[in-house]
A.B. asks: 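If you scroll down you'll find the structure; I have some questions about it.
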2 protein chains.
Amino acid sequence: MAQRSSANGRRSRHKPARMDIHAVARRARVSIATVSRTINHIPSVDPELANRVREAIRELNYFPNTQARALVSGRSRLLGLIVSEITNPFFPELIQGFEDVAVEHGYEILISSTNYDPERMSLCIRRILERKAEGVAVMTFGIEEPLLDQLAEREVPLVFVDVGPDRPGVSVLRVDYQHGIRQGVQHLAALGHRDIAFVTGPPRLHSAQSRRTAFRRSLQECGIPVDERWIVEGDHMMEGGMAAAERLLGGKRPPTAIMCSNDMTALGVLHTAYRVGLRVPADLSVIGFDNIHMTEMMIPPLTSIQMSRLELARAAVSALRAHVERSSPKREYRIDTQLVVRESTGVPRRAKIRLPRGNRRKAKSAAPPANGIAGI
Amino acid sequence: MAQRSSANGRRSRHKPARMDIHAVARRARVSIATVSRTINHIPSVDPELANRVREAIRELNYFPNTQARALVSGRSRLLGLIVSEITNPFFPELIQGFEDVAVEHGYEILISSTNYDPERMSLCIRRILERKAEGVAVMTFGIEEPLLDQLAEREVPLVFVDVGPDRPGVSVLRVDYQHGIRQGVQHLAALGHRDIAFVTGPPRLHSAQSRRTAFRRSLQECGIPVDERWIVEGDHMMEGGMAAAERLLGGKRPPTAIMCSNDMTALGVLHTAYRVGLRVPADLSVIGFDNIHMTEMMIPPLTSIQMSRLELARAAVSALRAHVERSSPKREYRIDTQLVVRESTGVPRRAKIRLPRGNRRKAKSAAPPANGIAGI
DNA sequence: GAGCGTGGTGAAAGCGTTTTCATGTAAGGG
DNA sequence: CCCTTACATGAAAACGCTTTCACCACGCTC
């Protein structure tokens, strides 16, 4: 009877039965206040009534309207997350972690990406402000003063990576790039590398600048002079890595190792090496940064520096929560980085003879640990 | 004077000056109705007053509260997007496109991922329903009936990929997998491959099943018998690709070519080939699917089948808009797929002698076109 | 037995908008 | 010069919820 003809016949112009808190209240024969209290687990509700309410909710498939809720309570339970770009695998992994942690604490998240374009930052902020997010994690370049003022005016808690203004309500996640990068440089030095280049990230990105600085310092610590011509600019994308590697490897005295400001850059470098017929690690060692999941699958698997997305996410959410829920003073969090040795680093073929610090033997003994999965 | 002591001193307990439509109205000496009308570009407003309002808005840095707006107008200007997983690069690229197109039409988007877990689907739906999205694009496996009913009850427009229930308000984006996959199989056959394996996606994923079916049919079209043992299950992740390749290549008579249900799987296959010392494409040809951005950087660059994210996004948004804004009847959209030849496919070394269809010469002439960028 | 908490309940205010409706004013026609 | 028409404007209702506040009915204590 209801096979086909009545499916979208004249009767289908019904309005959807409104399904608000009043409907539930009516059905459970209580007031809307009691329904609200039941939903929000306020203990003073008579268990008998609460059961009636819960049953009505189930029968009607009711759930509260988030917007109305947020409007009246002043709490959106929303956290903003501004990232550089969503197509760089590091960020989805970060977003995943951020979301997991946020949900754990009863928040939802609002993602915005700047695509490294400062123009878009104000759009991101506006979006987030319009939706009345209770806090914002900024995981890209910094925010300019006027925008910061807007956020401060609304008293929106903020958390930055690496660097942020000294304002109330602003927390900073300090990442110890130095540790991981030092390990990376030491690893290369131990293998016998002296000619180590670095491909940076976008100039605007503070986290990228910090990595560069850490690289320079690490080089000095290892007693290797810093040659600025070997620090070339990338863009944290594959293309920039390719281009940078072409420049570096096209010179008359190319480096034997290239460190990269992130893994996508390293992927580009690996690709250029492949294109010009250099074997990695025999002819060129490559180190990435971030240790994204995909590094394991690169050919060869990429030695990289791990920065925990989950730690970052946890710290960000907890910083934001600290402000929102307890309005406690701002805090600083420290995130560690750690070298993960895979197969893209090895003893340079064009071995340097002159090891001024006399650690020739050491270099040999510190060959990269095999990664377990050698062959199947 | 305000150097440090007063920064978080006793005076900082002020409440943030409320910044609602009333404040603007007061400042512009008009009613809130006029402010609202100005904001919403209703032409009947006196230009003089409108100017006053705009100025007041600028001075106060005012912008409307999205929640209140949505509550009263019944329009959230929000579109939901449910994807499989955000860490698979295909999806960020899709999300990017979806967002761009949505913003173009004045919508924002709400992203949810199922992680291939049907349990999480109901959470995704609930999230989206709670926020009162005006439409949902489901880019993962299908939705079960009870959940569909919930959505139908609220009259939320839906758009699916490949397959969807025949209901009012539901559109389907039909992807022509057959075209691209046929091209892929023909390409392999032309090169001389006869032993072609396929690594599928998760069983639940309809789009993955369609790809498998298209592969089978394409094989038959080329006169190559289908050997079910060469169709092995993957998970659309790198790990599944690795495992599947290990199984395929570990046999006594391994295939000379492997097609994959997506590019991540192909990445895993490439990696296993590398591990067991097979050269691609000399010893093994590999074809991916999706043609994600990264395929260009794989070693070797991956031959893949392009499915346009932007087209998919455009179709999805326009299907949703058709329902929301014009409540027009549901439509079907067609998305094409297209082979992109790179360097992971070539003439099999272990050439098949017996070419039953006598296309031995053809095979030779159909060597893969070089990709332009041979060397730098 | 009167006074007094105590604790569960519902009425109603209010969140920041949009939108309807009535009002006032100016222009235009007889 | 008065009446009509048109139109810009503001007052107020409504959106779906949380939360305050007053209320009522208990069970106590003195």
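So that the names make sense, note that chain A is the first sequence line, chain B the second, and so on, each numbered from 1. Every heavy atom of this structure was used, including side-chain atoms; hydrogens, water molecules and symmetry mates were not.
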A.B. asks: May I ask you to check whether over 12 heavy atoms, not counting those of B:Glu59, lie within 6.0 Å of atom CD?
C.D. replies: yes

A.B. asks: Would one find a side-chain N or O of A:Asn65 under 4.0 angstrom from OP1 or OP2 of D:dC15?
C.D. replies: no

A.B. asks: Where the side chain of B:Leu49 is concerned, which of C:dT17, C:dT9, D:dT9 is the nearest nucleotide?
C.D. replies: D:dT9

A.B. asks: Whole-Å distance between C:dC15 P and A:Lys132 NZ?
C.D. replies: 14 Å

A.B. asks: Can you spot which of A:Thr140, A:Asp117, A:Thr114 makes a side chain to side chain donor-acceptor pair (under 3.5 Å) with A:Ser84?
C.D. replies: A:Thr140

A.B. asks: Verify the neighbour count for atom CZ of B:Arg120: are there more than 12 heavy atoms of other residues, nucleotides or ligands below 6.0 Å?
C.D. replies: yes

A.B. asks: Take the protein atom CD1 of A:Ile21 and the nucleotide atom C1' of C:dA13, then report the distance between them rounded to whole Å.
C.D. replies: 15 Å

A.B. asks: Using heavy atoms and a sub-4.0 Å distance, could you list which residues of residues 22-37 of chain A are near DNA chain C? By number, please.
C.D. replies: A:Val30, A:Ser31, A:Ala33, A:Thr34, A:Arg37

A.B. asks: Has A:Glu119 got more than 12 heavy atoms of other residues, nucleotides or ligands less than 6.0 Å from its CD?
C.D. replies: no

A.B. asks: If you check every side-chain atom of B:Pro64, which of C:dG16, D:dC17, C:dT17 has the closest atom?
C.D. replies: C:dT17

A.B. asks: What's the CG-C1' distance between B:Leu71 and C:dG14, to the nearest Å?
C.D. replies: 12 Å

A.B. asks: Is B:Arg27 reaching over with its side chain to a backbone N or O of B:Ile57, donor-acceptor style, under 3.5 angstrom?
C.D. replies: no

A.B. asks: Cut-off 3.5 Å, side chains only: do B:Asn40 and B:Arg69 have a donor facing an acceptor?
C.D. replies: yes

